[in-house]
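Note sheet for the following structure.
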Amino acid sequence: MAEAKTEIDVQELGEKIVRVIKTIFDPEIPVDIYELGLIYDVFVNEDHEVKILMTLTTPNCPVAESLPLEVEDKVKSLKDVKDAEVEITFDPPWTQDLMSEEAKLELGML
């Protein structure tokens, strides 16, 4: 029974992490980084350590230094998170196709 509880906790924590990520906006585009498609994956283990795989709109993005740190800090601020690490990848490179319908609508692309 305890195992099922852990799975629920991890999934629930994953949802909390996504909610916190949705409060972070790209400074140049009025859309949060989750809807923008910059978050590729969120991994949460049983010890509540989090790894986030994300990208940037371009490798020379003006917030390349600060944005991953902001994501890390906000996720670490959740009381259930023991540790958080953000890994930046450009594989696959970000394209507008990764944006949610909501983001495209917000930016007048639909």
Side-chain angles (χ1 to χ4, degrees):
M1 188 67 187
E3 196 175 297
K5 179 76 176 128
T6 302
E7 283 178 30
I8 291 167
D9 284 352
V10 168
Q11 186 177 350
E12 209 173 279
L13 185 54
E15 290 167 9
K16 284 182 184 174
I17 291 165
V18 167
R19 279 198 298 272
V20 127
I21 290 171
K22 285 183 169 196
T23 68
I24 304 168
F25 286 77
D26 183 294
E28 296 177 334
I29 308 168
V31 173
D32 73 74
I33 63 171
Y34 190 84
E35 296 297 336
L36 205 49
L38 298 184
I39 304 298
Y40 285 169
D41 221 331
V42 175
F43 304 97
V44 182
N45 69 15
E46 289 79 27
D47 295 331
H48 291 186
E49 296 164 335
V50 180
K51 183 169 184 184
I52 297 164
L53 187 61
M54 71 175 284
T55 193
L56 301 167
T57 50
T58 68
N60 16 347
C61 175
V63 292
E65 297 293 316
S66 60
L67 195 60
L69 286 176
E70 184 180 354
V71 172
E72 215 167 82
D73 289 345
K74 283 204 174 173
V75 170
K76 280 182 183 174
S77 76
L78 291 168
K79 71 175 176 68
D80 296 331
V81 172
K82 189 168 152 190
D83 196 19
E85 176 192 344
V86 171
E87 183 182 323
I88 297 290
T89 183
F90 292 101
D91 183 26
W94 181 85
T95 67
Q96 292 181 349
D97 295 340
L98 295 170
M99 292 168 54
S100 70
E101 296 291 311
E102 184 181 312
K104 289 177 182 173
L105 190 63
E106 180 77 27
L107 297 173
M109 297 169 70
L110 285 180

Applying a strict under-4.5 Å side-chain criterion to I, L, V, M, F, W and Y, I'd like to know whether [X] and [Y] cluster together.
X	Y	answer
Leu69	Val81	no
Leu67	Val20	yes
Ile88	Leu38	yes
Val63	Tyr40	yes
Leu53	Tyr34	yes

How many angstroms lie between [atom1] in [X] and [atom2] in [Y], if you round to the nearest 0.5 Å?
X	Y	atom1	atom2	answer
Lys104	Leu98	NZ	CG	8.5 Å
Ile52	Lys74	CD1	NZ	12.5 Å
Glu106	Ile29	CD	CD1	11.5 Å
Asp9	Asp80	CG	CG	8.0 Å
Phe90	Cys61	CZ	SG	8.0 Å
Lys82	Lys76	NZ	NZ	13.0 Å

* Nearest heavy-atom pair of Pro59 and Ala64: which atoms, and what distance? ->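 Looks like O-CB, 4.3 Å.
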* Considering all heavy atoms of both residues, which atom of Pro30 and which atom of Leu107 are nearest to each other, and what is their separation? ->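 Of all heavy-atom pairs spanning Pro30 and Leu107, the closest is CD-CD2, 3.8 Å.
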* Asked: Are the side chains of Thr58 and Trp94 in touch, meaning some heavy atoms are under 4.5 Å apart?
  ->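 A side-chain contact is absent here, since even the closest heavy-atom pair is not under 4.5 Å.
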* Going through the distances and angles, do Val71 and Ile24 end up as a side chain to side chain contact (heavy atoms under 4.5 Å, CB included)? -> CA-CA 7 Å; Val71 172; Ile24 304 168; 3.8 Å; yes
* For Leu78 and Ile17, run side chain to side chain contact (heavy atoms under 4.5 Å, CB included): C-alpha distance rounded to whole Å, both residues' side-chain angles, the deciding distance at 0.1 Å, then the answer. => CA-CA 8 Å; Leu78 291 168; Ile17 291 165; 3.8 Å; yes
* For Ile33, the option from Leu56, Ile21, Thr23 that meets side chain to side chain contact (heavy atoms under 4.5 Å, CB included) ->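 The single option meeting the side chain to side chain contact (heavy atoms under 4.5 Å, CB included) with Ile33 is Ile21.
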* Asked: Of the options Val75, Leu13, Val50, which is the one that meets Val42 in a side chain to side chain contact (heavy atoms under 4.5 Å, CB included)?
  ->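 Considering Val75, Leu13, Val50, a side chain to side chain contact (heavy atoms under 4.5 Å, CB included) with Val42 is found only for Val50.
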* Does Glu102 have any salt bridge (Lys or Arg N to Asp or Glu O under 4.0 Å) partners at least two apart in sequence or in another chain, and if so, which? ->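 With sequence neighbours excluded, Glu102 shows a salt bridge (Lys or Arg N to Asp or Glu O under 4.0 Å) to no residue whatsoever.
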* Give the intermediate values and the outcome of side chain to side chain contact (heavy atoms under 4.5 Å, CB included) for residues Met99 and Glu35. => CA-CA 6 Å; Met99 292 168 54; Glu35 296 297 336; over 6 Å; no
* Qualifying residues under side chain to side chain contact (heavy atoms under 4.5 Å, CB included), relative to Leu105, sequence neighbours excluded ->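 Leu105 satisfies side chain to side chain contact (heavy atoms under 4.5 Å, CB included) with Leu110 only.
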* Enumerate the residue pairs fulfilling salt bridge (charged side-chain N to carboxylate O under 4.0 Å, His left out) with a member in residues 86-100, sequence neighbours excluded, ordered by first and then second residue. =>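 Listed by first then second residue: Lys51-Glu87.
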* Asp47 side-chain N/O to Glu49 backbone N/O, donor-acceptor pair under 3.5 Å ->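 Pair absent, no side-chain N/O of Asp47 close to backbone of Glu49.
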